[in-house]
Protein chains: 2
Amino acid sequence: MGPRVLIVEDEEPLMLLLRYNLEAEGYEVDSVSRGDEAEIRLREQIPDIVLLDWMLPGLSGIELCRRIRARSETERLPVIMLTARGEEGDRIRGLSTGADDYIVKPFSVPELLARVRALLRRTKPAYIATLLRAGDIELDRETHRVRRAGQELHLGPTEFRLLEFLMQSPGRVFSREHLLNAVWGHDVYIDERTVDVHVGRLRKAIGLPRKPDPIRTVRGAGYSFDETFAREDQPLEA
Amino acid sequence: MGPRVLIVEDEEPLMLLLRYNLEAEGYEVDSVSRGDEAEIRLREQIPDIVLLDWMLPGLSGIELCRRIRARSETERLPVIMLTARGEEGDRIRGLSTGADDYIVKPFSVPELLARVRALLRRTKPAYIATLLRAGDIELDRETHRVRRAGQELHLGPTEFRLLEFLMQSPGRVFSREHLLNAVWGHDVYIDERTVDVHVGRLRKAIGLPRKPDPIRTVRGAGYSFDETFAREDQPLEA
DNA sequence: TCGGGGGTGTCATGTAATTGTCATCCAACT
DNA sequence: AGTTGGATGACAATTACATGACACCCCCGA
């Protein structure tokens, strides 16, 4: 069972979008639409992370965040604030109320997921591996570096996210549609063939002279990170 | 007994098509043609998943979906929206009304079945085996791999779907027409004899030197995955 | 403000896998 | 033996994927 997320958000569509994507990534999601409700919920069960809307009925996000910090049980509970676009002061204030991070609406889904992961990595490293390793490939989420056989590789941002996503579930086959959603974001309108191109670039970027291709094309279905490659015996660090 | 599906769809032909195919896959199907009827039905019995037409008499699919989400009993009930082609921000809209997934009409039957499976796998993993196993054959839906006696086999997309479908109901005999609907999709106009050819290809693809043929031809009726084969003792992993 | 990169999304093209049909051959039933 | 239905190998059309080219765009340093 994945990390538990509590979403406190009154705009239902947004809440659902978040829920949908987080669940798809394996989180266990709970949600409430009012600040005061959230407070009650937090007495019953403490999640691993909270996504908190800035503007809320019942009890504002800022105030709720203060109260979270005030209770010893939730003192260190990771909180990400969802703020409306624009206000400069907001950012500062958001953090000064005790949020660990904030993100400005509207945001892209991969962006949010990345922040949730980043924060969890900082606070509950057990949940989120910072280093993905498979075969002779290492991807470090923190430093954004990728190495193969000890050698550092250069990947563009998209290639990096794509590889990260694929390595997250070795073996599993993802359709181009799914990849577009997960790597590019939901609202984008991009040709599915573009995925091919990026997979090609990724392949070129992580290809080494006589090393096998770790990315598997499944005709008619999509792509996957080859789990047989992933399971392969590690090269000795010699 | 398979997962229960509630279909809310007023176009009768479509509803029947769905019912037919879902039942063939082992689902227990219930259906209503009006949105308000659906609401009542949902008070009597809660299915495992709902297929919901976007446009409905009585109560629109969107509104019904909202209400489903509003009741705590059905808050997390998986919903797939059936939307007409082309409407503006289909994706966002569909999801933001709270549906877990949506599919654009007209869709192919295998496509729909795949989505139903995918969603159930996410929400009620107990129902949907990701791995089909019968005799010495293993078909992994997640990785799209097929193994026989531990050895990986290569199947084309159609052969894969065909095997998947047959393995789903070992012993059950399917007519060529039925197979065309389930594996190829309804609107296709393909010669029934083509099924023979694909069965042949499938046989060749999964055939190993001195292993028996797991696909049974039923003269005058169709084909089935041989259930005696399926029940056969597993080879020791020695 | 004016050129570079670097990174992206599309396209056109080349290529190999897949597919639907046929014609033919075979096996099973009458 | 005569039929009927199924298996199979061949084939041509189609599809799906890989790749190189290219036009933008955005950010930075000059």
Side-chain angles (χ1 to χ4, degrees), chain A residues 108 110-111 144 146 152-166 173-207 212-224 226, chain B residues 108 110-111 144-146 152-166 173-207 212-226:
Chain A
S108 80
E111 163 83 1
H144 263 242
V146 179
E152 169 125 20
L153 307 172
H154 175 77
L155 303 200
T158 307
E159 284 129 53
F160 183 86
R161 285 200 306 277
L162 179 58
L163 179 61
E164 178 186 10
F165 183 76
L166 290 174
V173 176
F174 297 100
S175 68
R176 290 157 224 278
E177 185 196 344
H178 194 138
L179 290 172
L180 278 177
N181 287 337
V183 176
W184 277 259
H186 258 92
D187 35 11
V188 297
Y189 138 77
I190 289 182
D191 193 294
E192 291 204 344
R193 291 280 137 232
T194 300
V195 175
D196 297 30
V197 176
H198 276 275
V199 167
R201 289 172 180 159
L202 175 56
R203 278 182 168 138
K204 183 180 296 183
I206 62 179
D213 177 6
I215 296 178
R216 183 165 69 111
T217 300
V218 181
R219 204 154 232 270
Y223 298 95
S224 83
D226 194 321
Chain B
S108 80
E111 163 83 2
H144 269 253
R145 286 185 200 271
V146 178
E152 168 136 19
L153 308 173
H154 177 79
L155 274 63
T158 307
E159 284 131 51
F160 184 88
R161 287 199 306 276
L162 179 57
L163 178 62
E164 178 185 11
F165 183 77
L166 290 174
V173 179
F174 297 99
S175 69
R176 291 157 224 278
E177 185 196 342
H178 194 144
L179 288 172
L180 278 177
N181 283 336
V183 176
W184 277 258
H186 57 105
D187 43 5
V188 297
Y189 77 106
I190 288 182
D191 194 296
E192 291 205 343
R193 290 282 135 223
T194 299
V195 175
D196 298 30
V197 176
H198 275 275
V199 167
R201 288 173 180 157
L202 175 56
R203 278 180 168 140
K204 181 181 297 183
I206 62 179
D213 176 8
I215 296 178
R216 188 163 61 104
T217 301
V218 181
R219 198 180 169 83
Y223 299 95
S224 83
F225 192 90
D226 194 322

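FYI, side chains are in, hydrogens and waters are out, and symmetry mates aren't considered; it's all heavy atoms of this structure. Just so it is clear: chains get the letters A, B, ... in the order the sequence lines come, proteins before strands, and each one is counted from 1. Worth saying up front: this structure is predicted, and the values here are computed from it rather than measured.
Distance CG (Asp196(A)) to C1' (dT15(D)): 13 Å, rounded to an integer number of Å. Look at CG on Leu202(A): it is 13 Å from P on dG7(C), rounded to the nearest Å. Here dT18(C) presents its C1' atom at 11 Å from CZ of Arg161(B), a figure rounded to the nearest Å. Look at CG on Leu162(A): it is 11 Å from P on dG9(C), rounded to the nearest Å.
Looking only at distances, a side-chain donor or acceptor of Arg161(B) sits under 3.5 Å from a matching main-chain atom of Val183(B).
Between Val199(A) and Gly200(B), the one whose closest nucleotide on DNA chain D sits nearer the 5' end is Gly200(B).
When distances are taken from the side chain of Val197(A) to each of dG20(D), dG5(D), dT18(C), the shortest belongs to dG20(D). With dG9(C), dC22(C), dT19(C) as the choices, the nucleotide that has an atom nearest any side-chain atom of Trp184(A) turns out to be dG9(C). When each of dA7(D), dG7(C), dG6(D) is scored by its nearest atom to the side-chain atoms of Arg203(B), the top-ranked nucleotide is dA7(D). Closest contact between the side chain of Arg219(A) and the listed nucleotides dG20(C), dT8(C), dA17(C) involves dA17(C). Nearest nucleotide to the Thr194(B) side chain, out of dG20(D), dG20(C), dG9(C): dG20(C).
For the pair Ala182(A) and Pro110(A), the tightest heavy-atom approach, listed with the atom from each and the gap, is O-CG, 3.6 Å. Taking all atoms of both residues into account, the shortest heavy-atom contact from His154(B) to Ala205(B) is O-CB, 3.9 Å. When all heavy atoms are compared, the tightest approach of Tyr223(B) to Leu166(B) is O-CD2, 4.3 Å.
Phosphate contact (OP1/OP2 of dG9(D), side-chain N/O of Lys204(B), threshold under 4.0 Å): present. Note on His198(A): every side-chain N or O is 4.0 Å or more away from OP1 and OP2 of dT19(D). An OP1 or OP2 oxygen of dA18(D) is reached within less than 4.0 angstrom by a side-chain nitrogen or oxygen of Tyr223(A).
Donor-acceptor pairing under 3.5 Å, judged by distance alone, is present between the side chain of Arg201(A) and the base of dG9(C). In this model, no side-chain donor or acceptor of Arg193(A) finds a partner on the base of dT10(C) within 3.5 Å.
Side-chain contact, Arg203(B) with Thr217(B): a donor N or O sits under 3.5 Å from an acceptor N or O.
Contact annotation for Phe160(B): no contact, since no heavy-atom pair falls under 4.0 Å across all strands. Within the 4.0 angstrom heavy-atom criterion, only backbone atoms of the sugar-phosphate kind lie near Thr217(A); the bases stay farther away.
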